[in-house]
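Sequential numbering from 1 along the given sequence is applied to the chain's residues. Atom set for the values below is all heavy atoms of this structure, side chains included, hydrogens, waters and symmetry mates excluded.
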Amino acid sequence: MIRVLFVDDHEMVRIGVSSYLTAQPDIEVVAEADDGSTAVGLALEHKPDIILMDLVMKEMDGIEATRQIIEKWPEAKIIIVTSFLDDDKVYPALEAGATSYMLKTSKASEIADAVRATYQGQTILEPEVTGKMMLKMRGRNTSQPHEELTNREMEILLLMAEGKTNQEIADELFIALKTVKTHVSNILGKLNVADRTQAVIYAFKHALVE
């Protein structure tokens, strides 16, 4: 039996999809959440086989919830189920650790199939998402390192350039200190620099800071 946690802030979506999944002989919805913060707690409590994660929610969005779940439980398998195909949603969600990416326009049967495939270790991506990833890979050789930064990472890099500490950044962006540290680590890795000072120098050298 594949145990599923379903996270979505629309009650009717949860009712509809959960009812279909529960009717499957090999799938069980063990818990539901309507925001990312609750999802993190339920994920760590139930340790479901699959997490179906919405992206745009109050309190905490699906990207941050995915990031926190993966940080605390790296084995988690998360399927994004959303209406959005924007670059600032797709890339950060996958970089946060999501395994698969589905659209809410998918049939319930397709979501069920994605649950089974992801459970078996496969990655299921909408064709549009696959296309975006292919284009990104092709352009990677000619792109600048900072172009790989997510919007949030760029925001934090600019705050670093203002001389703010991790705690000050966390307070200003209303996110956890641990989350800031993770972002800073990702920034250093993507820019291929050794420390914060070099990251700030990079930002000024490439005119990222006025």
Side-chain angles (χ1 to χ4, degrees), residues 4-14 16-17 32-40 42-43 50-74 76-108 110-111 113-115 117-118 122-140 143-159 169 173-176 179-180 182-187 189-190:
V4 173
L5 165 62
F6 189 22
V7 186
D8 197 292
D9 64 346
H10 289 92
E11 184 179 14
M12 294 306 297
V13 173
R14 293 200 312 274
V17 177
E32 298 180 13
D34 61 3
D35 69 86
S37 180
T38 303
V40 174
L42 289 175
I50 296 293
I51 301 170
L52 295 176
M53 181 73 73
D54 190 14
L55 284 185
V56 180
M57 297 178 289
K58 297 179 180 179
E59 302 298 330
M60 180 188 294
D61 65 24
I63 294 173
E64 181 60 26
T66 296
R67 183 177 294 112
Q68 290 194 20
I69 291 171
I70 294 298
E71 284 178 2
K72 298 172 182 176
W73 179 32
K77 294 180 179 179
I78 301 176
I79 302 175
I80 300 299
V81 183
T82 182
S83 303
F84 298 94
L85 274 172
D86 307 286
D87 288 357
D88 63 349
K89 296 290 191 299
V90 173
Y91 299 140
L94 295 176
E95 289 170 355
T99 303
S100 299
Y101 199 107
M102 301 285 293
L103 291 177
K104 288 186 177 180
T105 52
S106 303
K107 297 178 181 178
E110 293 173 333
I111 294 177
D113 288 341
V115 166
T118 303
Q122 300 178 45
T123 293
I124 305 300
L125 300 176
E126 289 288 340
E128 296 92 337
V129 175
T130 302
K132 285 177 177 290
M133 299 305 293
M134 291 290 289
L135 288 174
K136 187 174 184 180
M137 291 299 294
R138 289 171 185 166
R140 193 166 273 178
S143 64
Q144 294 290 330
H146 62 266
E147 294 176 4
E148 299 295 319
L149 299 179
T150 65
N151 291 340
R152 176 65 91 185
E153 289 166 350
M154 180 63 74
E155 186 177 18
I156 289 175
L157 175 60
L158 297 183
L159 291 174
I169 293 172
L173 299 180
F174 301 102
I175 58 178
T179 301
V180 174
T182 299
H183 282 309
V184 171
S185 178
N186 290 339
I187 291 168
K190 290 181 180 181

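Contact of the Lys89 side chain with the Val56 side chain is registered, since non-hydrogen atoms from C-beta on lie closer than 4.5 Å. A heavy-atom distance below 4.5 Å is found between the side chains of Ile80 and Thr66. Side-chain contact between Val13 and Asp54 is absent, with no heavy atoms from C-beta onward closer than 4.5 Å. Side-chain contact check for Lys190 versus Glu95: some heavy-atom pair is nearer than 4.5 Å. Taking 4.5 Å as the limit, some side-chain heavy atom of Trp73 sits within range of a side-chain heavy atom of Ile51. Put simply, the side chain of Ile63 does not reach to within 4.5 Å of the side chain of Arg152, judged on heavy atoms. Counting only heavy atoms from C-beta outward, the side chains of Leu157 and Glu153 never approach each other to under 4.5 Å.
Between Tyr101 and Phe84 the shortest heavy-atom distance is OH-O, 2.8 Å. The heavy-atom pair separating Met60 from Ser37 by the smallest distance is CB-N, 3.6 Å. In this structure, Val81 and Leu52 approach most closely via the heavy-atom pair CG2-CD2, 3.9 Å. Asp35 approaches Met57 most closely through the heavy-atom pair CA-SD, 3.9 Å. In terms of heavy atoms, Asp61 sits closest to Leu55 at CB-O, 3.1 Å. Between Ile70 and Ala76, the shortest heavy-atom contact is CD1-O, 3.7 Å.
Atom CZ of Phe6 is separated from atom CD1 of Ile79 by 10.5 Å, given to the nearest 0.5 angstrom. In this structure, OG1 in Thr179 is found 12.5 Å from CD1 in Ile169, a value given to the nearest 0.5 Å. Distance CD/Glu71 to OG1/Thr182: 3.5 Å, rounded to 0.5 Å. With rounding to the nearest 0.5 angstrom, the CG atom of Leu103 is 7.5 Å from the OG1 atom of Thr82. A distance of 12.0 Å separates CD in Glu155 from CG in Leu149, rounded to the nearest 0.5 Å. In this structure, the separation between CD on Glu59 and CG on Asp9 is 11.0 Å, given to the nearest 0.5 Å.
Side-chain atoms of Ser106 and Glu126 form a donor-acceptor pair, as typed in the model, at a separation below 3.5 Å.
A search for salt bridge (charged side-chain N to carboxylate O under 4.0 Å, His left out) contacts involving Asp88 returns nothing, not counting sequence neighbours.
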task = Any chance you could lay out the side chain to side chain donor-acceptor pair (under 3.5 Å) test for Thr118 and Thr99, step after step, and finish with the verdict?
result = CA-CA 7 Å; Thr118 303; Thr99 303; over 6 Å; no
task = Let me see the working for Asp8 and Val17 under side-chain contact (heavy atoms from CB on, under 4.5 Å), right down to the final yes or no.
result = CA-CA 10 Å; Asp8 197 292; Val17 177; over 6 Å; no
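Between Glu11 and Arg14, no side-chain nitrogen of the basic residue sits less than 4.0 Å from a carboxylate oxygen of the acidic one, so the salt-bridge criterion is not met.
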